[in-house]
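The shown structure was predicted, so the numbers you read here are calculated from the model rather than taken from an experiment. Lettering of chains follows the sequences in order, A, B, ..., and the numbering in each one begins at 1. Because only heavy atoms are used, hydrogens play no part in the values below, and waters and symmetry mates are left out as well, while side chains stay in.
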Amino acid sequence: MTIMTASKEVGAVRPDYRHAYPLLIIVALGVTAALIVRHSLVPKSFGQYGFYRAAALDDEKARLSRHAGRAACAECHEDVVAVHARDAHGSVECETCHGVGGKHIKDNDSPMARAGAKDDCLVCHRLLDARPGSFPQVDWQKHYQFVGVKDNATACVRCHSGHEPLYLDQDLRKARLHPLIQECTSCHIGRTDQTLKKPDGHPQIFQCDYCHPDLAKSFAKVAHAGLRCTTCHLFVKENAFSGRIVRNTNPRFCLLCHRKADFKSDAGPPTIEWPEHIKDVSNDAPDPKRPCVTCHQAQIHDLYRKDAQHAM
Amino acid sequence: MNYVFPNELHVTWTVMIVLYPYITGLVAGAFIVSSLYHVFGQKELKPIARFSLASAFVFLLFATLPLLIHLGHPERAFNMMITPHFTSAMAGFGYIYSSYMILVALEIWFVMRGDFIARARERGPVAWFCRALILFNTDDTPATREADHRIVKFLAGLGIPLACTLHGYVGFLFGSIKANPWWATPLMFVIFIFSAIVSGISVLIFHYFVVSRINGWKIDFECVKSLGRYLWGFMMVAVALELMELLSLAYEQTEATDVLGHLIRTKLFVSYVILQFMLCSLVPFVLLGITALFKLRERTAYLLIWLSSCLLLLQVLLMRWNVVIGGQLVSKSMRGFTDYFPGIWEKEGLITAGVIFTLPFVLLYVFHRLVSLFPDAEKLPSIKPGA
Amino acid sequence: MPCDDRISRRQMLKRLAAGAPVALLVTVFPKLAFGVDRKPGEKRPLYAYAVDVSRCIGCCACMRACRSENDVPAGYFRTWVERFRVRGNGEVQVDVAATDDFVFKATPAEDVVKAFFVPKLCNHCEKSVCSQVCPVGASYESPEGVVLVDKKHCVGCGYCVQACPYGTRFIDPVSHTAGKCTLCYHRITRGELPACVLACPKGARMFGDLHDPKSHLSIFLRQRRYRVLKPEMGTHPKCYYTDLDLEVI
């Protein structure tokens with residue numbers, strides 16, 4: 001190797017660096033040029049707010065919103081939005097079921113989606129581990145069996161309108177505040193079988209009959225006895241201690257179970273033709289909003305008892 | 001039971017990122033061997049001093065290739081230097097890499113200037129290339145050689161900390177990720193430097209043996225013995241550090257211990273426990289120990305050292321794999337593991353990795369055709385197969 | 001004179017040598033400070049997020065809304081909902097509605113004693129590691145405290161994906177840059193709600209301005225006890241969880 005032989009021989013030889021100068025100058029110039037080029041390539045708005053391109057914020061802001069929000073829907077569909085807002089789905093955005101509205105608002109011919117299949121509803125209402133007990137969930141097979149639905153492909157919206165799932169006759173948000181009602185399953189997840197059979201000695205503060213024993217007792221004798229109180233007295237949890245309770249007397253609510261329909265068999269609850277039924281039983285002008293309980297009180301519970309606290 | 005965050009199903013850093021620290025490790029290791037000769041005057045390493053410097057250079061040239069292939073936007077790679085965000089361990093990369101590249105190129109220029117001048121005096125395009133390379137200055141006197149020698153010594157000395165920075169920084173890049181329990185250890189920095197040196201020495205031994213065999217050159221026994229001793233020393237430190245990390249992990253019993261223990265026992269059992277530690281660390285440790293401590297026949301010693309170098313090359317590759325891939329297999333939810341194995345033909349797959357790893361050797365051959373990397377190699381007078 | 005000159009030069013060099021590390025510390029460390037600081041009373045908003053875990057019903061409307069608002073590629077998530085099921089023997093089963101239709105599997109687990117949903121998203125940390133480790137300044141905190149990615153500057157190295165302790169980042173297979181929750185920056189800067197907050201039917205997801213003491217979020221955080229995810233990471237997340245179980249990390 002050249003170097004080593006050189007170093008061995010010389011030692012006293014004065015090094016001659018002249019040949020290295022051009023190279024070092026080239027390297028120095030190259031590095032300087034690279035640094036200048038680097039400097040000129042830094043994006044213009046870089047560092048305006050921090051170590052980033054400030055223009056990137058504008059890029060991000062420039063994107064169009066796809067979700068319009070229900071206020072935008074209300075501009076044309078005020079009636080639907082108003083009805084929707086007062087029922088149990090009031091907190092559900094229009095676009096959750098109908099898809100994003102940005103395009104439809106600009107171009108009215110562009111259609112919105114219409115979620116109505118059973119699976120669409122089950123996204124929220126399927127009975128699921130971890131879903132809070134206060135939220136309405138359904139084992140759809142049991143439910144269909146109970147109502148007597150013949151075809152399993154039947155859509156939920158055949159009975160429950162997406163906008164008025166329960167046909168409340170009162171705005172949910174204005175309904176009465178009521179102390180918390182817990183369900184057995186809120187505490188006894190996975191162990192309901194044993195404890196539900198023998199609730200002796202259990203503090204019953206969470207159950208309706210603890211405060212309303214007479215109403216509960218009378219209810220036990222009627223045809224609806226198998227139902228929960230909260231099926232008709234809809235309870236919506238508001239916070240950890242209370243919720244709102246709506247006593248529903250809208251005839252259309254009763255008709256959810258009792259209306260005759262081609263998809264229902266006779267196995268379910270007794271059904272009637274509607275609105276023919278109201279004509280049949282009314283002598284004077286038929287009022288389709290007249291509560292069913294006006295005639296059918298005996299099948300619910302004794303509404304005219306003295307201690308019936310929330311008689312109409 | 002096995003739960004990973006949904007985005008973690010995609011392993012972001014692929015086999016390319018395994019290859020990148022591996023190649024820079026070879027660079028750092030090979031450079032340090034050349035510096036052992038140029039700076040620390042380890043004369044017995046002379047036969048491979050040039051070769052090691054050239055190896056460092058060619059590996060350095062290709063070190064960024066896997067990164068570029070991996071980047072989502074390789075055309076924006078220079079953003080790393082245009083707007084380096086120095087709060088990031090990665091931001092220094094462009095500048096450290098460039099400085100090191102300049103340094104190694106300069107060192108090569110000064111080491112081989114005499115040979116370039118010799119080639120420049122010939123005819124043909126190669127001669128023209130060499131003439132341009134030496135900037136049309138053919139002064140080759142004892143005085144210029146002395147100058148070259150001094151400059152090389154300076155550059156080689158300066159290169160050691162830079163080589164350690166280049167590679168230690170890669171270790172730091174992983175070791176500083178607090179979100180990943182398998183990576184986050186200050187030891188990572190040191191482990192990477194030592195494993196880099198191990199892999200660098202190994203690749204030199206391996207390659208030296210192979211080219212000598214092919215060309216029928218006499219292998220310098222002192223050189224190889226010395227390399228073998230260095231290799232033994234460095235691999236002991238590297239493996240000891242790796243074991244130390246494992247030990248503190250097992251002993252500290254932090255929240256990560258369970259999930260990492262599970263990782264080692266299942267997902268990495270073969271590549272980490274069996275291959276990296278049992279086969280590729282323990283065996284070379286014993287073999288190199290034998291060659292260093294006992295007087296063996298040359299042929300046996302050669303075989304053992306060469307075998308050890310092969311195993312240690314694999315050890316370091318496996319270590320990179322187990323760090324880079326292993327760390328990404330653990331979910332940050334601490335509840336499960338994902339899976340990864342590169343496809344053969346995909347963009348960041350095994351074929352690409354193979355090609356990337358072959359290219360430096362091809363370039364090294366081209367380099368050797370330009371300027372002999374083994375100027376002192378003696379032909380064995382009576383070369384017979386198996387002699 | 002030449003002698004004096006030499007001494008002074010030497011002294012200068014010495015001073016330089018001593019001063020360099022100090023200068024380095026002074027110049028480097030302020031730069032190492034990153035993130036957005038809270039300045040109460042300032043007019044500039046500081047956006048944050050809160051999740052009331054007990055309200056989540058696991059409908060995943062948030063995931064659907066996020067996807068349609070932000071074109072998140074299939075198989076990648078800016079937000080997701082985890083389901084935790086704790087069994088009687090203490091074993092915890094976690095799953096996520098990560099399939100295409102974002103619906104949790106209805107198969108009940110055995111002997112579940114406690115179960116709940118936990119929505120997850122980018123925590124928009126005050127000291128976000130992802131912004132710290134971005135080598136090119138493509139990941140950053142906006143003046144409003146939203147952690148964003150500059151898609152025109154990002155090189156797609158994936159370092160931020162590795163650095164995020166919450167697994168909320170990914171490399172977008174379409175743009176080949178880092179993808180993450182932007183808190184719907186394009187919406188919130190127009191006074192709209194983030195898509196996920198808008199879509200949540202139970203009000204489990206909340207969004208608001210921490211600098212405004214009257215904002216819904218500020219009031220919520222004053223009234224409720226909350227915690228953040230992985231506080232030990234030192235990232236100071238701005239996504240606050242109430243009723244969060246110890247099992248959730």
Is it true that, when you exclude Phe78(B) itself, more than 12 heavy atoms of the residues, nucleotides or ligands shown sit nearer than 6.0 Å to its CZ?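 Counting neighbours around CZ of Phe78(B), 12 or fewer heavy atoms of other residues, nucleotides or ligands fall under 6.0 Å, so no.
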If you count the non-hydrogen atoms of other residues, nucleotides and ligands that lie under 6.0 Å from CZ in Phe172(B), is the total more than 12?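 No, because the 6.0 Å sphere around CZ of Phe172(B) holds 12 heavy atoms or fewer from other groups.
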Please classify the contact of [X] with chain C as side chain, backbone, both or neither, using a heavy-atom distance under 4.5 Å.
| X | result |
| --- | --- |
| Leu71(B) | both |
| Leu173(B) | both |
| His10(B) | side chain |
| Ser331(B) | neither |
| Gln328(B) | side chain |

Sort out for me which of [options] touches chain B most, counting heavy-atom pairs under 4.5 Å.
| options | answer |
| --- | --- |
| Pro135(C), Gly137(C), Cys154(C), Gly156(C) | Pro135(C) |
| Gly167(C), Ala163(C), Cys157(C) | Cys157(C) |
| Lys230(C), Gln162(C), Glu232(C), Met233(C) | Gln162(C) |

Heavy-atom proximity to chain B below 4.5 Å, by part of Ile249(C):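 For Ile249(C), backbone and side chain are both near chain B.
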Heavy-atom pairs under 4.5 Å with chain C, option from Ile17(B), Val4(B), Asn7(B) with the top count: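 Among the listed options, the one with the most contacts to chain C is Asn7(B).
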Who among Gly72(B), Gly94(B), Ala77(B) has the most heavy-atom pairs with chain C under 4.5 Å?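 Most heavy-atom pairs within the cutoff with chain C belong to Gly72(B).
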Residues of residues 255-271 of chain B with any heavy atom under 4.5 Å of a heavy atom in chain C: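 Residues Glu255(B) are the ones that qualify, each having a heavy atom under 4.5 Å from chain C.
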Among side-chain atoms of [X] and [Y], is any donor-acceptor pair under 3.5 angstrom?
| X | Y | value |
| --- | --- | --- |
| Gln276(B) | Asn322(B) | yes |
| Tyr240(C) | Arg227(C) | no |
| Tyr185(C) | Glu144(C) | yes |
| His153(C) | Thr83(B) | yes |
| Tyr166(C) | Thr235(C) | yes |

With distance as the sole test, does Asn79(B) use its side chain to make a donor-acceptor pair with the main-chain N or O of Val155(C) at under 3.5 Å?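 Answer holds: no.
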Of all pairs that satisfy salt bridge (charged side-chain N to carboxylate O under 4.0 Å, His left out), the ones with a partner from residues 161-184 of chain C, not counting sequence neighbours: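 Found Lys151(C)-Asp172(C).
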How long is the straight-line distance from OG1 of Thr168(C) back to CZ of Phe77(C), given to the nearest 0.5 Å?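 Reported to 0.5 Å precision, the distance equals 13.5 Å.
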With the side chain counted from C-beta on, respond yes when Arg205(C) and Thr79(C) share a heavy-atom pair under 4.5 Å apart, and no when they do not.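 Of all side-chain heavy-atom pairs linking Thr79(C) with Arg205(C), at least one is under 4.5 Å.
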